[in-house]
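Only one structure is covered here, and it is reproduced in the block below.
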Amino acid sequence: MSRIVAADELGIAQAVEALRRGGVIGLPTETVYGLAADATNDEALRRVFAVKDRPATHPLIVHVADAPQLDALALEVSDSCRVLTTHAWPGPLTVIVHANDTVSRVATGGRDTVAVRVPAHRAALAIITQLGRPLAAPSANRFGEVSPTSARHVADDLGDDVDVIVDGGDCAVGVESTIVDCTTPQPEILRPGAITAEDIALLLDPHGVALASEPTGESRAPGMLARHYAPKARLHLVEPGSPLPRATAPVLDCSHDLASVARTLYGSLRDLDQRGVQEVNVLMPPPRGLGHAIRDRLQKAAFPARVGSLNRGGPTPPHS
Ligand code: TXA
Ligand code: MG
């Protein structure tokens with residue numbers, strides 16, 4: 001039976017107890033809610049894949065409580081990776097590093113690299129610390145659907161399939177973490193997020209390191225689908241200054257106040273479906289800063305199930 005518990009001492013103790021028994025929990029973070037299991041328990045990890053309906057080759061992010069715990073999982077940590085984590089953790093940054101052999105290959109989807117982050121959420125950090133183990137957690141939605149940014153979203157999506165849902169409030173960031181591949185000499189952004197390409201370039205520049213590419217989302221992350229973060233409503237993406245493609249359809253304005261747009265984006269997409277809206281005009285943010293992450297999620301959400309439709313703007317970088 002799934003239960004929403006408060007993010008207080010009692011609720012956190014219940015979550016830790018469920019994890020100790022090999023359970024899966026709804027974990028609040030500053031980005032989106034995760035579906036978390038003890039990253040050292042392969043059976044619990046398999047349950048995460050089963051609940052999410054996620055292919056076994058699609059790796060999970062391992063959440064730790066502080067930067068030194070990265071060294072316990074990594075074969076090596078490059079200088080530029082260290083610069084990024086020192087600046088951004090706790091926070092919405094995930095780094096990909098070579099995994100040492102203590103890291104479960106169930107969590108990594110069979111790969112020898114692992115994705116690691118320290119979430120900036122008091123309850124998440126308390127749970128990891130009290131469990132004394134890292135937590136593997138993908139977003140707590142079914143594969144290919146819109147990520148949850150509240151405990152209620154997790155309950156709506158996963159219901160009884162999750163043992164405990166810790167209600168840590170609405171997520172402060174609202175879109176998934178920036179993923180940076182640190183296994184190559186030039187770090188590469190695999191998924192844009194609230195730690196922006198501009199932030200990363202500024203951090204690396206004094207060390208003579210450049211990002212490998214623009215954050216186009218060109219990605220080597222495995223298990224990708226073209227359509228993701230997908231509501232049922234059909235999204236018509238409108239660039240600034242362009243006419244509305246569907247004059248009678250409602251408008252979702254994502255063009256300014258980007259921190260607030262990111263925070264409410266997935267809730268807005270869920271609301272459209274609840275109201276039975278079939279089509280919506282989405283005013284796009286500029287491709288700068290947090291605008292990259294919002295555009296990336298909207299492009300995936302708009303990616304048509306049918307080939308050859310108006311919204312198809314070339315290959316989009318999918319993530320789940
Ligand atoms: O903000 C977030 O990152 C949230 C919260 C819960 O922390 N988590 C999240 O997890 O978005 P998920 O599973 O929905 O997305 C993880 C992404 C996937 O696209 C996966 O392919 C990529 O991380 N990933 C994980 N391990 C990887 C690896 N070793 N190499 C390349 N990509 C990896
Ligand atoms: Mg996801």
Side-chain angles (χ1 to χ4, degrees), residues 24-37 39 45 48-49 51-64 73-75 88-99 103-121 123-125 127-128 134-149 153-154 157-158 166 168 171-184 187-195 217-225 228-230 262 266 293 296-297 300-301 316-320:
V24 296
I25 67 159
L27 179 80
T29 83
E30 82 283 28
T31 56
V32 301
Y33 274 70
L35 173 65
L45 293 174
V48 170
F49 284 94
V51 167
K52 232 187 114 85
D53 209 6
R54 176 161 169 144
T57 52
H58 195 158
L60 309 178
I61 293 175
V62 175
H63 297 69
V64 295
L73 302 170
L75 268 186
W89 282 357
L93 173 77
T94 296
V95 293
I96 312 273
V97 295
H98 292 291
V103 177
S104 163
R105 268 32 180 192
V106 177
T108 68
R111 297 167 80 90
D112 289 330
T113 56
V114 61
V116 183
R117 89 174 187 101
V118 178
H121 195 290
L125 295 175
I127 291 168
I128 297 165
L135 285 183
S139 51
N141 52 295
R142 306 253 185 225
F143 191 59
E145 289 177 6
V146 176
S147 293
T149 51
H153 292 164
V154 181
D157 287 1
L158 302 180
V166 178
C171 298
V173 173
V175 293
E176 298 83 347
S177 60
T178 307
I179 302 180
V180 180
D181 186 347
C182 292
T183 64
T184 50
E188 184 180 346
I189 295 182
L190 301 185
R191 177 174 73 183
I195 303 292
E218 197 51 52
S219 171
R220 287 172 290 111
M224 300 300 176
L225 295 176
H228 245 296
Y229 308 110
Y266 291 142
D296 170 71
R297 304 320 189 266
K300 284 177 216 152
T316 48
H319 300 273
S320 84

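Counting starts at 1 for both ligands and their atoms, in listed order.
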R297 and S147: side-chain contact (heavy atoms from CB on, under 4.5 Å), yes or no, with the steps? CA-CA 10 Å; R297 304 320 189 266; S147 293; over 6 Å; no

Using heavy atoms and a 4.0 Å limit, tell me yes or no: is T108 in contact with ligand 1? no

When the ring centroid of H58 is compared with that of F143, is the distance short of 6.0 Å? yes

Quick check on contacts: which atoms of ligand 1 are under 4.0 angstrom from a heavy atom of S177? 1 (O), 2 (C), 3 (O)

Is there side-chain contact between L93 and S177, with at least one heavy-atom pair below 4.5 Å? no

Kindly compute the distance separating CG (L135) from CD1 (I61), expressed to the nearest 0.5 Å. 12.5 Å

Is the Mg ion (ligand 2) less than 2.8 Å from an N/O/S atom of S139, whether that atom is in the backbone or a side chain? yes

Ligand-side contact atoms (ligand 1) for residue partner R111, heavy atom cut-off under 4.0 Å: 30 (N)

Distance in Å, H98 NE2 paired with C182 SG, rounded so as to fall on 0.5 Å steps: 10.0 Å

Taking R191 for its side chain and V180 for its backbone only, find out whether a donor-acceptor pair lies under 3.5 Å. no

Close N or O approach (Y33, ligand 1; < 3.5 Å): no

Give the numbers and elements of all ligand 1 atoms closer than 4.0 Å to a heavy atom of G34. 6 (C)

Rounded distance (nearest 0.5 Å) linking atom CZ of R111 with atom OG1 of T183: 9.0 Å

Which of the listed options, P148, A194, S147, P59, holds the heavy atom that is closest to atom 25 (C) of ligand 1? P59

Atom indices of ligand 1 within 4.0 angstrom of T31 heavy atoms, with elements: 1 (O), 2 (C), 4 (C), 5 (C)

Looking only at distances, can you tell me whether any N or O atom of R54, backbone or side chain, sits closer than 3.5 Å to an N or O atom of ligand 1? yes

Flag for Y266-E145: side-chain donor and acceptor within less than 3.5 Å: no

Please confirm whether S139 comes within less than 3.5 Å of ligand 1 when only nitrogen or oxygen atoms on both sides are compared. yes

For ligand 1, the portion of D181 having any non-hydrogen atom under 4.0 Å away: neither

Enumerate the atoms of ligand 1 whose separation from the nearest heavy atom of P138 is less than 4.0 angstrom. 10 (O), 12 (P), 13 (O)

Mark up the atoms of ligand 1 that fall under 4.0 Å of a heavy atom belonging to T113, in ascending order. 28 (C), 29 (N), 30 (N)

Find all atoms of ligand 1 within a distance of less than 4.0 Å from any non-hydrogen atom belonging to A115, and give their numbers and elements. 25 (C), 26 (N), 27 (C)

Any side-chain heavy atom of L45 sitting closer than 4.5 Å to one from S104? yes

Taking only heavy atoms of I179, which atoms of ligand 1 are found under 4.0 Å from at least one of them? 17 (C), 22 (C), 23 (O)

So for E176 against ligand 1, with non-hydrogen atoms under 4.0 Å, the contacting part is both

Intermediate values then yes/no, side-chain contact (heavy atoms from CB on, under 4.5 Å), I127 and I25: CA-CA 11 Å; I127 291 168; I25 67 159; 4.3 Å; yes

Heavy atom under 4.0 Å from ligand 1: found in I61's side chain, backbone, both, or neither? side chain

Can you find an N or O of H63 that's nearer than 3.5 Å to an N or O of ligand 1? yes

Decide salt bridge (charged side-chain N to carboxylate O under 4.0 Å, His left out) for E30 and R117; before the verdict, give the C-alpha distance in whole Å, the side-chain angles of both, and the deciding distance to 0.1 Å. CA-CA 12 Å; E30 82 283 28; R117 89 174 187 101; 2.9 Å; yes

